[in-house]
Each structure stands twice: as structure tokens, then as C-alpha cells.
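Notes to accompany the following structure.
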Amino acid sequence: MTTPISTSVHTVLRAGLLALAGLCGLSTAASAAYPDKPIRLIVPFPPGGAADVMARGMAQRLGQELGQQIVIDNRGGAGGTTAAEAAVKSPADGYTLFFGTMGTQAINPAIYPKLRYDPQKDFAPISLTHITPRVLIVGPSVAAKSVAELVAQARSKPDSLSYGSAGNGSSSHLAGALFESQAGVTMVHVPYKGSSPLLVDVLAGRVDMTFDSYTVYEEHIKAGKVRALGVTSKTRIGALPQVPTIAEAGLKGYDVSNWLGVLAPAGTPKEVIATLHTALGRTMATPALRSQLIALGIEPTFSTPEEFAALVRAELPKWAEIVKKSGATVD
């Protein structure tokens, strides 16, 4: 089974790059009065994780474009629902933004039966900003040197292996659940409040593996403390050219890539959205930022608010089907 991310995301990516080129000549002065104080960016995971790293790099440059500081507000837990709920309850004045993910905007409605926010009605999309595949990482407690060996081990001893995620309903959770479904294995899911505490337990061997961002594990992969067995996207990533995709390694059709973007609470004035959109375009076009992200296996991108809204709308029913077929549930 193939996840739906590739077609919809890359359609947005192609259109976004065209929009990005046009924005380079635009002014960010859509509203003379905005912003006149620091802006809060709520990030749905703790400091140190991949989402946090991406948010901070973007926020620094975005603050320069807007002439105001962007303050990061990390709110981990419950697969990003805690952060999303805080964002939608904030004033719709442009001074609170949300760094939404595929998990918070497309997966959570299918996995949390009592979700207290609507990813479409409660948010005003501004732009898609990052696309990042996951990497299947195994810790020192796992002997397997390949995806095939890992699957064989899991099949021989059901529920003997554990995989950690950044939280229930996160893309790392669904990547693991999809792996179980396609490989015909059962493993123990261990949810964490973000990638940082998960990293500690993977390195210590307290959890066997994870499907997480290369950004978080880069130095540990290079140091040989953990091993990368496969990449979750359809194509290999430049940062790990020697590591096959999970599809190449035997699970045909396996494909999971996370996407992230900036949103505001619904009702935020259109002129404020326009100002933020133009500034984000300039931010994501910055050569230094783009080079930094690409080196970490992250694809910088940009879209119109309408394209971002269309992506969320398209992903919701598709991920609902994947969640149902995979059997993933909130623990």
C-alpha cells in the first residue's frame, strides 16, 4: 500500500517554487502597522527535535524579514494536539502562529476520536515550508543490519521489538504502523513527547528502533551509535545516499514523507496573512537556509495559502483510510 503524500505534496512543491520566484520582488509592507511586537510560533514538540530545529532556523530568518522577534513556544505531548489546541484558542491577530505538521493537520483527526480542534475550520494556512522523509533507525539493542533481517527477526518473535515515536498520531507513529502492516509483523509502539526524549532511549537501547528524522540522528549515525536501515520516502536522500528506501529493501510501495507549514488561527486578517506569506517566501528562498536544510535531508518549499489548504483537504480522507487499514490507535 502506498501512502498518498507524494503526488499531493509534489504538486504543491512545483507550484510553490513558481510562486517563490515571483515573491522575490515583492514588498513585505502589506500592513504598515503589522507587526509591531514579537510574534509567538507554537511548535508541537519539545526543544531539540526535528520540528524544533526546522522551526528555529526558519523563525530566525523570518524575524529578520518582519523586523520583529519570533519567539518559539514548544508544547509537546499528545501527538501535537496540545499545541494545536493552544494555537486555535489564541487571538486571531497575527501574533500567534502554529508550526503544523502532517500529524497535527491530517493524521490526528483519524486517530484521536475526541479531537478538540478542526484542522480545516480552525486554522488559516499561510504556507507549506518543509518536506522531510523519515529514516528507519535501530539502536544498539538490535542485531539486524538490513530491513530484511529486521523483518525476519520481528516475524520470528512477535511483539519482541519496540518502536518509539514522537507521540500518538505523529508521522513517526504512522510510519511504524504502516511498516507493521506491510511487513506482516507486530511490534510494541512506545509514544514519547517528541523526538528528544525518544533519542535518549534509542541510544540507551531502552527502545529498539524509530522512524524519525535524519536531523535528530545525524551525528549518532556518523558515530556508529545507531544504524540507518532504510529511508521512508520513495527516493533516497542526499544525506544518506548509501541507505536504500524501505521500498527498495523489500516493502514495495512503502512511502511516508512528513510535511510541515505555518498556519494562523482562523479569522486572522487577510492583510496580515499576506504580510506573513510574503515574508515566509523570502525566508524559504534564503540560500543559506536552503543549503542547511538540504544538508539535513530536508526539502525546503513554499506554497500559496490555497495550495496548503488543498493539501490538508486531500490528505485527511487518505490518512483516515491508512489509519484504519494499519490498525493504528491511540494507546
Side-chain angles (χ1 to χ4, degrees), residues 26-47 51-52 54-106 108-109 112 114-130 167 169 193-194 259-284 302-313 316:
L26 297 178
S27 169
T28 59
S31 173
Y34 175 84
D36 61 4
K37 62 181 180 180
I39 297 169
R40 177 175 62 146
L41 177 62
I42 299 178
V43 177
F45 297 104
D52 180 67
M54 287 183 273
R56 290 180 186 275
M58 175 184 67
Q60 182 180 14
R61 180 64 188 178
L62 180 60
Q64 294 172 359
E65 290 291 337
L66 292 170
Q68 288 289 345
Q69 182 183 11
I70 308 295
V71 180
I72 301 296
D73 182 359
N74 295 97
R75 299 203 180 195
T81 62
T82 301
E85 289 168 9
V88 300
K89 292 177 182 178
S90 300
D93 56 7
Y95 290 99
T96 297
L97 304 176
F98 181 56
F99 196 41
T101 71
M102 182 173 70
T104 62
Q105 306 310 116
N108 284 354
Y112 286 90
K114 297 181 180 179
L115 198 66
R116 292 194 291 270
Y117 69 90
D118 186 312
Q120 296 187 92
K121 295 179 181 179
D122 293 336
F123 288 97
I126 301 173
S127 177
L128 190 70
T129 56
H130 302 76
K193 291 184 177 181
W259 46 260
L260 306 93
V262 180
L263 309 97
T268 299
K270 291 183 179 180
E271 62 270 20
V272 171
I273 296 293
T275 297
L276 290 166
H277 183 258
T278 301
L280 267 173
R282 291 180 179 275
T283 295
M284 300 312 296
F302 182 68
S303 72
T304 66
E306 294 78 16
E307 288 164 344
F308 194 5
L311 173 64
V312 173
R313 187 164 57 249
L316 280 165

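Side-chain atoms are counted along with the backbone in the values below, which use heavy atoms only and exclude waters and symmetry mates. Just so we're clear, the structure is a prediction, and the values are computed from it rather than from any experiment.
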Please list, chain by chain and in numerical order, all residues satisfying ring pair (Phe, Tyr, Trp, His ring centres under 6.0 Å) with Phe98, sequence neighbours excluded.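 Only Phe123 meet the ring pair (Phe, Tyr, Trp, His ring centres under 6.0 Å) criterion with Phe98.
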What I'd like to find out is whether the side chain of Pro125 reaches to under 4.5 Å of the side chain of Val312, using heavy atoms alone.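 No. Closest side-chain heavy atoms not under 4.5 Å.
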Indicate yes or no for a side-chain donor-acceptor contact from Tyr34 to the backbone of Gly94 under 3.5 Å, with no hydrogens or angles considered.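 Confirmed, Tyr34 side chain pairs with Gly94 backbone.
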Backbone N/O of Leu128 and side chain of Ser303: donor-acceptor pair under 3.5 Å: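 Looks like yes, one N/O pair under 3.5 Å.
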Considering all heavy atoms, the nearest [X]-[Y] contact:
| X | Y | answer |
| --- | --- | --- |
| Pro109 | Leu316 | CG-CD2, 3.6 Å |
| Pro265 | Pro91 | CG-O, 4.0 Å |
| Ile273 | Pro305 | CG2-CG, 4.3 Å |
| Pro269 | Ala92 | CD-O, 3.3 Å |
| Ile70 | Leu66 | CD1-CD1, 4.2 Å |

Output all residues satisfying side-chain hydrogen bond (donor to acceptor under 3.5 Å, both in side chains) with [X], sequence neighbours left out; order by chain, then residue number.
| X | result |
| --- | --- |
| Asn74 | Asp52, Arg56 |
| Tyr95 | Asp36 |
| Gln64 | Arg61 |

Can you give me every donor-acceptor pair (side chain of residues 76-86, partner residue at least two apart or in another chain, under 3.5 Å) with its distance?
residue, atom, partner, partner atom, Å
Thr81, OG1, Ala78, O, 2.8
Glu85, OE1, Arg116, NH2, 3.3

When you look at CD of Gln120, are more than 12 heavy atoms from neighbouring residues, nucleotides or ligands closer to it than 6.0 Å?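 Enclosed: over 12 neighbouring heavy atoms sit under 6.0 Å from CD of Gln120.
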How long is the gap from [atom1] on [X] to [atom2] on [Y], to the nearest 0.5 Å?
| X | Y | atom1 | atom2 | answer |
| --- | --- | --- | --- | --- |
| Leu263 | Leu276 | CG | CG | 11.0 Å |
| Phe308 | Trp259 | CZ | CH2 | 5.0 Å |
| Thr101 | Leu260 | OG1 | CG | 6.0 Å |
| His277 | Thr304 | NE2 | OG1 | 6.0 Å |
| Ile39 | Leu62 | CD1 | CG | 6.5 Å |
| Asp93 | Thr268 | CG | OG1 | 7.0 Å |

Tell me, with the steps shown, if Phe99 and Thr129 meet side chain to side chain contact (heavy atoms under 4.5 Å, CB included). CA-CA 9 Å; Phe99 196 41; Thr129 56; 3.5 Å; yes
Does Asp73 have any salt bridge (Lys or Arg N to Asp or Glu O under 4.0 Å) partners at least two apart in sequence or in another chain, and if so, which?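 Counting only residues at least two positions away or on another chain, Asp73 forms a salt bridge (Lys or Arg N to Asp or Glu O under 4.0 Å) with Arg40, Arg75.
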